[in-house]
Amino acid sequence: PLFRSPNLQTVGQFFYVYNGDGLTTLDLRSLRSVGDFFNINSNNKLAILDVSSLETVSGYVQLYYNNKLETIRLPKLKSVGDFFYIYDGDRLATLDLSQLVTVGSHFQIYHLDRMEVLDISSLQTVNDFFYVVYNSRLTSLSAPKLSTVGGYLSIHDNNV
(Lines give C-alpha, C1' and ligand atoms only; values in the text may rest on other atoms or scores of the structure.)
Protein backbone atom coordinates (compact mmCIF):
# COMPACT_ATOMS: atom_id res chain seq x y z
CA PRO A 1 0.00 0.00 0.00
CA LEU A 2 0.96 3.50 -0.85
CA PHE A 3 0.10 6.84 0.71
CA ARG A 4 0.50 9.69 -1.74
CA SER A 5 -0.57 13.28 -1.22
CA PRO A 6 0.61 15.22 -4.28
CA ASN A 7 -0.84 18.61 -3.25
CA LEU A 8 -0.02 18.69 0.47
CA GLN A 9 2.46 21.53 1.06
CA THR A 10 1.99 22.59 4.68
CA VAL A 11 1.04 20.93 7.95
CA GLY A 12 0.55 23.54 10.67
CA GLN A 13 1.20 21.37 13.69
CA PHE A 14 1.60 17.58 13.75
CA PHE A 15 2.38 15.10 10.98
CA TYR A 16 2.40 11.66 12.54
CA VAL A 17 2.37 8.26 10.81
CA TYR A 18 2.89 5.22 12.99
CA ASN A 19 2.03 1.52 13.21
CA GLY A 20 1.10 1.42 9.53
CA ASP A 21 1.81 -2.28 9.20
CA GLY A 22 0.81 -2.43 5.52
CA LEU A 23 2.30 0.90 4.43
CA THR A 24 5.21 0.41 1.99
CA THR A 25 5.54 3.86 0.39
CA LEU A 26 5.01 7.32 1.82
CA ASP A 27 5.09 9.87 -1.01
CA LEU A 28 5.01 13.41 0.33
CA ARG A 29 7.17 15.03 -2.33
CA SER A 30 5.17 18.32 -2.28
CA LEU A 31 5.34 18.83 1.48
CA ARG A 32 7.39 21.99 2.22
CA SER A 33 6.86 22.80 5.90
CA VAL A 34 5.65 21.25 9.13
CA GLY A 35 4.91 23.21 12.28
CA ASP A 36 5.47 21.30 15.51
CA PHE A 37 6.21 17.67 14.82
CA PHE A 38 7.15 15.39 11.91
CA ASN A 39 7.16 11.82 13.17
CA ILE A 40 7.28 8.58 11.19
CA ASN A 41 7.71 5.52 13.38
CA SER A 42 7.02 1.81 13.75
CA ASN A 43 5.95 1.21 10.16
CA ASN A 44 7.26 -2.32 9.69
CA LYS A 45 6.93 -2.49 5.88
CA LEU A 46 7.72 1.11 4.94
CA ALA A 47 10.52 0.98 2.35
CA ILE A 48 10.30 4.40 0.64
CA LEU A 49 9.92 7.80 2.30
CA ASP A 50 9.98 10.73 -0.12
CA VAL A 51 9.79 14.17 1.46
CA SER A 52 12.08 15.70 -1.14
CA SER A 53 10.54 19.21 -0.98
CA LEU A 54 10.49 19.57 2.82
CA GLU A 55 12.42 22.73 3.77
CA THR A 56 11.54 23.49 7.40
CA VAL A 57 10.19 21.82 10.48
CA SER A 58 9.65 24.29 13.30
CA GLY A 59 9.72 21.61 15.98
CA TYR A 60 10.80 17.96 15.91
CA VAL A 61 11.80 15.48 13.22
CA GLN A 62 11.70 11.90 14.47
CA LEU A 63 12.10 8.85 12.24
CA TYR A 64 12.53 5.54 14.01
CA TYR A 65 11.61 1.83 14.10
CA ASN A 66 10.93 1.74 10.37
CA ASN A 67 12.80 -1.52 9.90
CA LYS A 68 12.49 -1.91 6.10
CA LEU A 69 13.20 1.73 5.24
CA GLU A 70 16.28 1.91 3.01
CA THR A 71 16.28 5.53 1.82
CA ILE A 72 15.22 8.86 3.30
CA ARG A 73 15.28 11.81 0.92
CA LEU A 74 15.39 15.22 2.64
CA PRO A 75 17.53 17.11 0.09
CA LYS A 76 15.89 20.52 0.67
CA LEU A 77 15.58 20.42 4.45
CA LYS A 78 17.39 23.52 5.72
CA SER A 79 16.29 23.94 9.31
CA VAL A 80 14.79 22.03 12.19
CA GLY A 81 13.67 24.18 15.11
CA ASP A 82 14.12 21.59 17.82
CA PHE A 83 15.16 17.90 17.74
CA PHE A 84 16.32 15.89 14.72
CA TYR A 85 16.36 12.13 15.47
CA ILE A 86 16.83 9.20 13.16
CA TYR A 87 17.42 5.89 14.83
CA ASP A 88 16.93 2.13 14.75
CA GLY A 89 16.73 1.75 11.00
CA ASP A 90 17.94 -1.78 10.31
CA ARG A 91 18.11 -1.29 6.53
CA LEU A 92 18.60 2.46 6.19
CA ALA A 93 21.62 2.97 3.95
CA THR A 94 20.93 6.33 2.29
CA LEU A 95 20.11 9.56 4.09
CA ASP A 96 20.09 12.79 2.08
CA LEU A 97 20.54 15.83 4.34
CA SER A 98 22.59 17.80 1.86
CA GLN A 99 21.04 21.22 2.65
CA LEU A 100 20.53 20.99 6.42
CA VAL A 101 22.09 24.10 8.01
CA THR A 102 20.67 24.44 11.54
CA VAL A 103 19.18 22.27 14.24
CA GLY A 104 17.68 24.14 17.19
CA SER A 105 18.41 21.48 19.80
CA HIS A 106 19.56 17.84 19.39
CA PHE A 107 20.94 16.17 16.26
CA GLN A 108 21.00 12.40 16.72
CA ILE A 109 21.80 9.64 14.28
CA TYR A 110 22.12 6.23 15.86
CA HIS A 111 21.70 2.50 15.31
CA LEU A 112 21.63 2.79 11.52
CA ASP A 113 23.45 -0.47 10.94
CA ARG A 114 23.75 -0.28 7.13
CA MET A 115 24.70 3.36 6.72
CA GLU A 116 28.30 3.75 5.54
CA VAL A 117 28.40 7.46 4.66
CA LEU A 118 26.84 10.43 6.46
CA ASP A 119 27.32 13.66 4.57
CA ILE A 120 26.04 16.69 6.48
CA SER A 121 28.32 19.10 4.68
CA SER A 122 25.95 22.09 4.96
CA LEU A 123 25.30 21.72 8.70
CA GLN A 124 26.65 24.74 10.58
CA THR A 125 24.88 24.90 13.94
CA VAL A 126 23.45 22.46 16.45
CA ASN A 127 22.32 24.44 19.47
CA ASP A 128 22.48 21.60 21.97
CA PHE A 129 23.66 17.98 21.49
CA PHE A 130 25.29 16.38 18.45
CA TYR A 131 25.29 12.57 18.56
CA VAL A 132 26.37 10.18 15.84
CA VAL A 133 26.66 6.86 17.64
CA TYR A 134 26.27 3.08 17.23
CA ASN A 135 26.27 3.07 13.44
CA SER A 136 28.28 -0.11 12.95
CA ARG A 137 29.13 0.36 9.25
CA LEU A 138 29.62 4.13 9.23
CA THR A 139 33.08 4.76 7.76
CA SER A 140 32.69 8.36 6.56
CA LEU A 141 31.25 11.36 8.40
CA SER A 142 31.55 14.74 6.70
CA ALA A 143 30.56 17.98 8.50
CA PRO A 144 33.07 20.57 7.20
CA LYS A 145 30.89 23.63 7.97
CA LEU A 146 29.89 22.63 11.49
CA SER A 147 31.02 25.58 13.60
CA THR A 148 28.82 25.47 16.70
CA VAL A 149 27.58 22.73 19.00
CA GLY A 150 26.01 24.34 22.04
CA GLY A 151 26.16 21.28 24.29
CA TYR A 152 27.72 17.84 23.89
CA LEU A 153 29.38 16.46 20.79
CA SER A 154 29.54 12.67 20.84
CA ILE A 155 30.76 10.42 18.02
CA HIS A 156 31.40 6.83 19.06
CA ASP A 157 30.85 3.17 18.26
CA ASN A 158 31.02 3.77 14.53
CA ASN A 159 33.81 2.79 12.10
CA VAL A 160 34.80 6.42 11.59
Side-chain angles (χ1 to χ4, degrees), residues 1-126 130-138 140-143 145:
L2 161 74
F3 176 78
R4 178 179 292 151
S5 186
N7 295 312
L8 182 65
Q9 293 184 15
T10 302
V11 173
Q13 291 185 321
F14 298 103
F15 186 94
Y16 198 33
V17 176
Y18 66 100
N19 291 335
D21 289 334
L23 185 65
T24 59
T25 301
L26 192 51
D27 182 353
L28 302 165
R29 68 182 76 183
S30 296
L31 185 62
R32 292 197 174 141
S33 68
V34 174
D36 296 330
F37 201 68
F38 183 79
N39 185 305
I40 311 292
N41 80 75
S42 304
N43 299 286
N44 296 326
K45 293 182 181 174
L46 182 65
I48 299 167
L49 173 59
D50 187 350
V51 282
S52 54
S53 295
L54 187 63
E55 295 176 3
T56 60
V57 176
S58 298
Y60 298 81
V61 172
Q62 290 186 310
L63 308 168
Y64 57 96
Y65 302 139
N66 298 296
N67 297 327
K68 302 238 186 222
L69 190 59
E70 297 177 2
T71 300
I72 298 174
R73 296 189 61 230
L74 292 162
K76 293 184 180 178
L77 184 64
K78 293 181 179 115
S79 68
V80 175
D82 214 329
F83 295 91
F84 183 91
Y85 293 140
I86 298 181
Y87 55 93
D88 286 327
D90 295 341
R91 294 189 182 175
L92 188 63
T94 304
L95 175 59
D96 185 350
L97 295 172
S98 55
Q99 298 299 313
L100 184 61
V101 175
T102 60
V103 175
S105 185
H106 294 56
F107 178 86
Q108 294 187 344
I109 304 289
Y110 61 95
H111 286 291
L112 303 181
D113 295 329
R114 294 204 179 176
M115 181 172 293
E116 295 178 3
V117 175
L118 179 57
D119 182 357
I120 45 176
S121 55
S122 295
L123 187 61
Q124 296 175 18
T125 303
V126 175
F130 179 96
Y131 294 116
V132 176
V133 298
Y134 302 113
N135 302 290
S136 60
R137 292 189 186 172
L138 187 66
S140 176
L141 172 60
S142 179
K145 293 183 181 177

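Below, each value reflects all heavy atoms present in this structure, side chains not excepted, and no hydrogens, waters or symmetry copies.
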Assess the pair [X] and [Y]: is the distance between their ring centroids shorter than 6.0 Å?
{"X": "His111", "Y": "Tyr87", "answer": "no"}
{"X": "Tyr110", "Y": "Tyr134", "answer": "no"}
{"X": "Tyr85", "Y": "Phe83", "answer": "yes"}

Worksheet item: Any idea how His106 and Tyr131 line up, ring-wise: parallel (<30°), tilted (30 to 60°), or perpendicular (>60°)?
Response: tilted
Output for pair (Asn44 CG, Asp90 CG), nearest 0.5 Å, gives 10.0 Å
Just by modelled atom types, is the [Y] backbone N or O under 3.5 Å from a matching donor or acceptor in the [X] side chain?
{"X": "Ser122", "Y": "Ser98", "result": "yes"}
{"X": "Asp27", "Y": "Pro6", "result": "no"}
{"X": "Asn66", "Y": "Asn43", "result": "yes"}
{"X": "Ser53", "Y": "Arg29", "result": "yes"}

From the list Asp88, Leu95, Ile72, Asn41, side-chain contact (heavy atoms from CB on, under 4.5 Å) partner of Leu63 resolves to Ile72
Between Leu112 and Leu138, does a side-chain contact (heavy atoms from CB on, under 4.5 Å) hold up when you go through it step by step? CA-CA 8 Å; Leu112 303 181; Leu138 187 66; over 6 Å; no
Does a side-chain heavy-atom distance below 4.5 Å link Tyr65 with Asn19?
-> no
Worksheet item: Would you call Asp96 and Arg73 a salt bridge, using N to O less than 4.0 angstrom?
Response: no
